[in-house]
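To keep things clear, I will list the structure first and then write my remarks on it.
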Amino acid sequence: MSGYRDPLDEAFGVPSAETAPVPREPPYLAGLNTEQREAVLATDGPVLVLAGAGTGKTRVLTTRLAHILATRRAWPGQILCVTFTNKAAREMKERIGALIGGVVEGMQWLGTFHSIGARMLRRHAELAGLKSNFTILDADDQLRLMKQLIEAEGVDEKRWPARTLASMIDSWKNRGLRPDDISEGEAQGYAFGKGKLLYRQYQERLRALNAADFGDLLLEVLHILKTHPDILADYRDRFRYMLVDEYQDTNVVQYLWLNLLARGSGNVCVVGDDDQSIYGWRGAEVENILRFERDFPGAKVIRLERNYRSTPAILGAASGLIAANKGRLGKTLWTESANDGEKIRVAGVWDAEEEARNVASDAEDLHRQGQLYSQMAVLVRASFQMREFEDRFVTLGLPYRVIGGPRFYERAEIRDALAYLRLVNQPADDLAFERIINTPRRGLGDATLQQLQLHARRANVPLLQAAHALSATEEIKARPRGALRDLVAAFDRWRAQKDTLPHTELAEIVLDESGYTEMWQKDRSADAAGRLENLKELVRSMEEFENLGGFLEHISLVMDTDRGEGAEAVSIMTLHAAKGLEFDTVFLPGWEEGVLPHQRSLDEQGRAGLEEERRLAHVGLTRARRRAKISFVSNRRIHGSWTSSIPSRFLDELPEANVEVTEQKGGFGNYGANYGASRFDTMQSFGSNYATPGWQRAQARKARGFEEDQSDDFDIAHEDAPASAARAKPREAGKRRMPLTIEGELVAKSTGTSSFTPGDRVFHQKFGNGNVTHIDGNKLTIQFDKAGEKRVVDSFVERV
DNA sequence: CTCGGCAGAATTTTT
DNA sequence: TTCTGCCGAG
């Protein structure tokens with residue numbers, strides 16, 4: 001017995017009583033700086049860790065957790081550890097595993113707010129009028145549900161879009177408000193006060209469907225905790241230690257929920273950075289972090305300011321920028337480094353196409369110098385900016401991947417397949433039923449559905465049950481009746497097989513027998529093959545789960561899939577998606593008024609919006625380890641028409657010492673050369689206010705001049721023609737684009753020499769099918785059926 | 001019931 | 001520009 005040594009002790013280097021009475025520092029503390037160490041060791045009582053970008057926040061968090069475990073302050077199951085994203089949760093698990101050399105069992109309360117909320121809600125489902133196998137609805141389902149209610153209420157959906165109601169209800173839920181809590185004034189915002197009624201109806205409908213939306217996962221749990229002291233006491237007792245990541249992103253419900261629980265042990269440690277709060281639009285309140293000390297008097301506040309990521313030049317620029325924000329807790333990032341590193345490069349260019357060209361050629365240059373593509377990222381404000389980059393990268397054959405594009409589980413084919421599975425799992429899921437009743441086409445259209453709905457409402461039963469009943473009566477015409485009977489019989493069969501067959505097998509049977517797979521096999525469109533592939537992938541991914549229920553839970557909560565991670569490719573993503581990541585080189589295009597301080601943010605949130613935009617810019621800059629390259633364009637196409645844009649005000653806030661303005665080869669973008677009161681302001685080039693008609697004319701003239709260089713036959717006699725946007729870019733005329741790729745990522749395969757000949761029929765992930773018309777080395781000219789003529793590198797296409 | 005054509009709006013960010 | 005939703009014809 002005495003020889004027994006706990007594996008945990010072993011792993012952590014906790015001295016055993018016999019061998020080492022000498023106090024020795026556990027190995028996991030090695031390498032931490034003073035503040036980090038303090039944050040790890042201050043286990044008891046409230047602690048606020050203000051962790052600037054790149055200061056080792058995750059390391060502190062994981063080490064702290066490991067420390068709590070190692071010192072036996074709590075068992076894995078007694079620690080509540082909340083993150084904001086699934087990725088962060090996953091990473092945390094992995095890193096704790098790495099720290100103690102194995103997988104930690106029993107960390108069942110480590111996860112995102114929503115996954116933990118779902119866990120709790122399933123335990124107490126009946127208290128919220130649900131069964132524990134309730135379905136978690138996604139945005140799409142919610143919207144459809146709301147549309148039905150809006151219509152039933154006789155509200156004009158044109159005037160009061162379902163989207164508006166959805167976001168309203170969402171924000172109410174984010175603020176912890178249930179239907180009864182909505183004030184009349186608040187409800188006025190939608191359809192003359194019908195918002196409140198619709199909210200209540202929506203909740204009732206959810207209960208009838210045995211479903212919950214994302215907001216409910218927290219709101220309902222909060223309500224249960226508030227109204228059931230015994231349950232609250234139980235959780236308070238259970239959670240000896242609480243850790244919260246990204247505290248600056250918490251909204252009101254999350255805040256209330258955390259606070260309620262934290263009043264138990266009082267051992268709550270929140271980590272965050274007010275300068276990285278970028279989710280205000282989703283209900284996050286920076287104030288939560290700003291008032292932590294008031295909420296928990298005597299809280300220990302630890303600042304992590306030593307940055308291990310970026311060069312002094314980058315930190316200087318980022319600090320200078322963020323200093324313009326008011327109401328910060330205030331941190332100054334510093335780093336130990338002999339030299340400043342490369343200055344931030346700022347370049348003005350003509351348009352987004354040129355911007356993409358420059359970024360791509362810079363990326364190639366760096367690559368030639370030995371930099372990895374995987375160490376480069378293009379960070380944009382909004383996803384519409386991604387297109388130009390994708391286009392350019394595709395033509396060059398430069399490997400890239402889009403992160404956070406259309407997600408796997410949001411694709412139509414996946415959602416259809418899931419609807420089938422949901423319905424097998426939970427027969428009351430009317431939304432799933434509505435989705436698949438006529439997919440594939442089986443002659444069950446609107447008319448039949450309405451009959452079903454009528455019957456279902458009268459009998460107060462789910463649609464599937466109504467279908468069951470109606471398919472046996474004469475109420476429905478013969479043709480649809482037969483189809484309905486088949487469908488109902490199929491579901492009966494599948495449900496019977498649910499408990500006897502492995503769930504992956506069941507899924508295959510369902511997709512097969514329903515005719516869903518066949519539907520895509522028959523489909524001859526460009527992306528049908530990809531969709532079939534996705535369906536296979538879906539079934540494959542089910543293998544990791546014990547049963548159907550577990551799988552469905554996972555997919556509704558974990559919408560992100562990190563596909564292609566680690567690939568040697570340039571990442572393209574939004575600034576939001578980039579939080580928490582780092583790259584050697586970061587490209588920051590689109591620093592223009594209206595794009596980087598995004599117009600909408602400014603319009604809707606005023607100064608608060610501007611500050612959040614500035615934080616977004618700050619997040620972007622601090623992603624860079626070695627170099628950051630900012631650019632802005634003077635002409636941007638918005639909704640199809642060309643608009644002149646002016647450089648972002650944030651450019652002026654970058655300390656001059658850290659910035660280098662580069663001349664562009666294009667010749668039209670050298671605005672930065674004119675230093676003045678505002679270094680980047682285009683008006684300097686013209687000596688007049690940019691908003692005036694004169695400036696606009698100047699722009700137009702410039703545009704025409706540009707075209708003159710490009711095409712000989714341009715008629716410059718129209719000097720005084722109105723500044724037509726279309727005019728400025730005649731080259732664009734015939735250009736057409738396909739919708740975004742299904743895959744959302746394209747990575748060059750290393751094929752040998754070109755093995756194509758003109759006339760070959762080929763398939764391209766993005767552009768679909770087409771014929772090769774010309775070959776030039778490894779560059780093919782292809783006439784695509786849908787996307788028109790494109791020049792593409794051969795490794796991106798395959799023969800069909 | 002399905003398909004095609006047309007009008008009108010437009011998504012910044014996501015658990 | 002591009003996508004969506006609606007309407008009318010087959």
Side-chain angles (χ1 to χ4, degrees), chain A residues 82-89 111-118 136-140 142-143 147 157-159 161-164 166-167 170 173-174 213-218 246 249-251 253-254 277-284 379-387 403-407 409-410 437-438 441-450 477 479-480 483 556-560 573-579 590 594-605 609 612-613 615-616 619-620 636-643 725-726 729 732-740:
Chain A
V82 210
T83 65
F84 203 61
T85 65
N86 294 299
K87 200 163 134 216
T112 63
F113 276 103
H114 291 90
S115 66
I116 291 172
I136 299 168
L137 297 189
D138 62 28
D140 209 70
Q142 290 176 51
L143 218 52
K147 273 187 186 157
E157 219 236 293
K158 279 267 163 59
R159 203 158 156 216
R163 228 163 236 304
T164 310
S167 62
D170 194 52
K173 287 187 174 180
N174 284 159
D213 66 15
F214 272 81
D216 286 342
L217 297 181
L218 296 165
E246 308 278 19
D249 285 334
T250 51
N251 62 31
V253 209
Q254 289 161 342
S277 161
I278 53 175
Y279 286 99
W281 53 274
R282 229 175 68 192
L379 308 182
V380 299
R381 174 62 182 85
S383 40
F384 76 85
Q385 293 172 264
M386 292 180 180
R387 293 190 150 202
I403 297 185
R407 277 166 307 217
Y409 294 117
E410 277 172 12
I437 179 171
N438 204 27
R441 304 257 127 93
R442 38 172 84 84
L444 298 171
D446 239 18
T448 317
L449 183 58
Q450 288 198 357
K477 290 200 206 88
R479 197 131 52 114
S556 37
L557 288 173
V558 186
M559 286 298 240
D560 67 340
M573 68 185 99
T574 63
L575 288 164
H576 284 89
K579 192 163 81 161
V595 176
L596 189 39
H598 197 279
Q599 196 54 49
R600 206 147 163 164
S601 235
L602 262 31
D603 291 347
E604 288 169 13
Q605 307 288 328
E612 182 154 313
E613 294 293 306
R615 290 192 290 265
L616 214 35
V619 166
R636 197 171 275 286
R637 191 164 43 183
I638 296 166
H639 299 327
S641 57
W642 287 88
T643 324
K729 292 287 289 184
E732 285 292 316
K735 208 178 163 192
R736 294 212 37 202
R737 276 205 43 131
M738 285 278 291
L740 271 175

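Because only heavy atoms are used, hydrogens play no part in the values below, and waters and symmetry mates are left out as well, while side chains stay in. Residue numbering restarts at 1 for every chain, and letters A, B, ... go by the order of the sequence lines.
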Rounded interatomic separation in angstrom, taking [atom1] from [X] and [atom2] from [N]:
X	N	atom1	atom2	result
A:Q605	B:dT13	CD	P	16 Å
A:L557	B:dT14	CG	P	17 Å
A:L218	B:dT14	CG	P	18 Å
A:L143	C:dT4	CG	C1'	13 Å
A:L596	B:dT13	CG	C1'	12 Å
A:L137	B:dT15	CG	P	17 Å

Check whether any side-chain N or O of [X] sits under 4.0 Å from OP1 or OP2 of [N], and answer yes or no.
X	N	value
A:S383	B:dT13	yes
A:K579	B:dT13	no
A:N86	B:dT14	no

Checking all strands, does [X] fall into the base, sugar-phosphate, or nothing category for heavy-atom contacts under 4.0 angstrom?
X	result
A:E604	base
A:K147	sugar-phosphate
A:A139	nothing

Among [options], the one nearest [X] by side-chain distance:
X	options	value
A:T112	B:dT14, C:dG5, B:dT15	B:dT15
A:T85	B:dT15, C:dC3, B:dT14	B:dT15
A:R387	B:dT2, C:dC3, B:dA10	C:dC3
A:Y279	B:dA10, C:dC3, B:dT14	B:dT14
A:R637	B:dT15, B:dT14, C:dT1	C:dT1

### Query
Does the side-chain ring of A:F84 sit on the six-membered ring of the B:dT15 base, less than 5.5 Å centre to centre and under 30° in tilt?
no
### Query
Residues two or more places apart in sequence or in another chain: which of them pass salt bridge (charged side-chain N to carboxylate O under 4.0 Å, His left out) with A:E613?
A:R381
### Query
What residues, two or more places apart in sequence or in another chain, satisfy salt bridge (charged side-chain N to carboxylate O under 4.0 Å, His left out) together with A:D216?
A:K173, A:R207
### Query
With sequence neighbours excluded, what pairs up with A:R441 under the side chain to side chain contact (heavy atoms under 4.5 Å, CB included) test?
A:N438
### Query
Among all residues two or more places apart in sequence or in another chain, which pass the side chain to side chain contact (heavy atoms under 4.5 Å, CB included) test with A:I638?
A:T643
### Message
On DNA chain B, does the nearest nucleotide to A:L444 precede the nearest nucleotide to A:T574 from the 5' side, or the other way round? Give the residue.
### Response
A:L444
### Query
When the nearest nucleotide of DNA chain B is assigned to A:R442 and to A:Q254 on a heavy-atom basis, which residue is associated with the more 5' position?
A:R442
### Query
Do A:R163 and A:D170 sit within salt-bridge range, that is, some charged N less than 4.0 Å from a carboxylate O?
no
Please write out each protein N/O paired with an N/O of nucleotides 3-9 of chain B under 3.5 Å, distance rounded to 0.1 Å.
residue: B:dC3; atom: OP2; partner: A:R441; partner atom: NH1; Å: 2.9

### Query
With distance as the sole criterion, is a donor-acceptor pair present between the side chains of A:Q599 and A:D603 under 3.5 Å?
yes
### Message
Once side chain to side chain donor-acceptor pair (under 3.5 Å) is applied, do any residues pair with A:S115, and if so which ones, sequence neighbours excluded?
### Response
A:T112
### Short side-chain to backbone donor-acceptor contact, A:R615 and A:S277, under 3.5 Å
yes
